[in-house]
Amino acid sequence: MSDPFEKMVADARTVFEASASKPLRDAWAGLSLPQIRADLIERLSAAGIEEAGSDTRFLLAHVLAPASYADAVADPALCSWQQMSWLADLAWQRLDRRPLSQVLGSQPFWTLDLQVTEDVLTPRADSETLVELVLEKCGPAVANLADLGTGSGALLLALLSERTQWTGTGVDISAAALDVAGQNARRCGLDDRAHFVEGSWGAALAPESVDILVSNPPYIRTDVWRELAPEVRRFEPRRALDGGPDGLRDYRALLADAVRIVRPGGLVAVEIGYDQGEVVADLFDQAGLVETGVKRDLAGHDRVVFGAVVSTNG
Ligand code: GLN
């Protein structure tokens, strides 16, 4: 075993044999691609995953690309054992209930494709309601945006992608999240206008330095968080989800900062849980924000509360 190449092959074989997904690879040995597909759907369903069919489609598309499933069925040469072994590794993680976004490593949001790890909340379609609201309220003129608790950078990057004159700062208390957000800014070609700062809510930002403040803070009540699907509870960062006993802890903290860092006349817009419209709008009023309103998502649920900082000239 002195030959370095032989050693490399032996090492690779050891890793391969020891990897957790070996039972799946063994079960799939000798099966055709459609048989593997059917088996995977069955296993994901048995693991309690409702989207078993569509998850299987995404996992297969991921490992077969650039060939399609149909291509690979028609021509088995397009489907290698390395790809099926990779599929087994990914499927194994999904069977453990890791979210599909983390298994695939990315998630579409708005028009972007964002990198996702377990250090950030997976961007959700609901949050696009907040992007729409800001675009409705604010035209293309130069503006400085702040996204507090930016996570993957989803809100900040979606808005900067639509408003080419804007600059923005993503703030997060997690250095690991900022790492992901920074990579996403580069991936989207927006790193010349997106900056990132580690800190708690608005603490790191200067008074009246922001024209538009957005945030998707944690807003789930702790008792509700405990009952969430394993995908969310076990694999997504708790501090991006758990808003304390009443779910409102972080709105109080960030609204206190908002009135300090947003300039008079500026906009504040936050994502909320479907049943928090009234109570968060009250918090906006109490913080002294004006022209407060609530916007619904596509499912018809209250999803965004917005308001303006009082203008100095009334
Ligand atoms: N909408 C998310 C969920 O239901 C919660 C996001 C948040 O707390 N900011 O999982």
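When a ligand or atom number is given, it counts from 1 through the structure's own listing order. Computation of the quantities below employed the complete heavy-atom set of this structure, encompassing side-chain atoms and omitting hydrogens, waters and symmetry-equivalent molecules.
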Is the shortest N/O to N/O distance between N216 and ligand 1 below 3.5 Å? yes

the protein heavy atom lying closest to atom 4 (O) of ligand 1 turns out to be I220 CD1, 4.0 Å

Taking NZ, NE, NH1 and NH2 as the nitrogens, is one of them in D242 or R226 under 4.0 Å from a carboxylate oxygen of the other? no

Atoms of ligand 1 under 4.0 Å from any heavy atom of P217, numbered from 1 in the order shown, are 7 (C), 8 (O), 9 (N)

Tell me whether A240 reaches ligand 1 (any heavy atom closer than 4.0 angstrom to a ligand atom). yes

Do F235 and L228 belong to the same hydrophobic cluster, where Ile, Leu, Val, Met, Phe, Trp and Tyr are linked whenever their side-chain heavy atoms lie under 4.5 Å apart, directly or via other members? no

Taking 4.0 angstrom as the limit and counting only heavy atoms of L241, give me the atoms of ligand 1 inside it, by number and element. 5 (C), 8 (O), 10 (O)

Does Q35, at its CD atom, have more than 12 non-hydrogen atoms belonging to other residues, nucleotides or ligands within less than 6.0 Å? yes

In this structure, would V305 and Y274 fall into the same cluster of hydrophobic residues linked by side-chain contacts under 4.5 Å? no

Closest approach of any protein heavy atom to atom 2 (C) of ligand 1, naming residue and atom: R124 NE, 3.5 Å

For atom 1 (N) of ligand 1, what's the nearest protein heavy atom and its distance? Y219 OH, 3.0 Å

Would you say that more than 12 heavy atoms from the other residues, nucleotides or ligands in this model lie under 6.0 Å from the CZ of R296, or not? no

Are there more than 12 heavy atoms of other residues, nucleotides or ligands under 6.0 Å from atom OH of Y69? yes

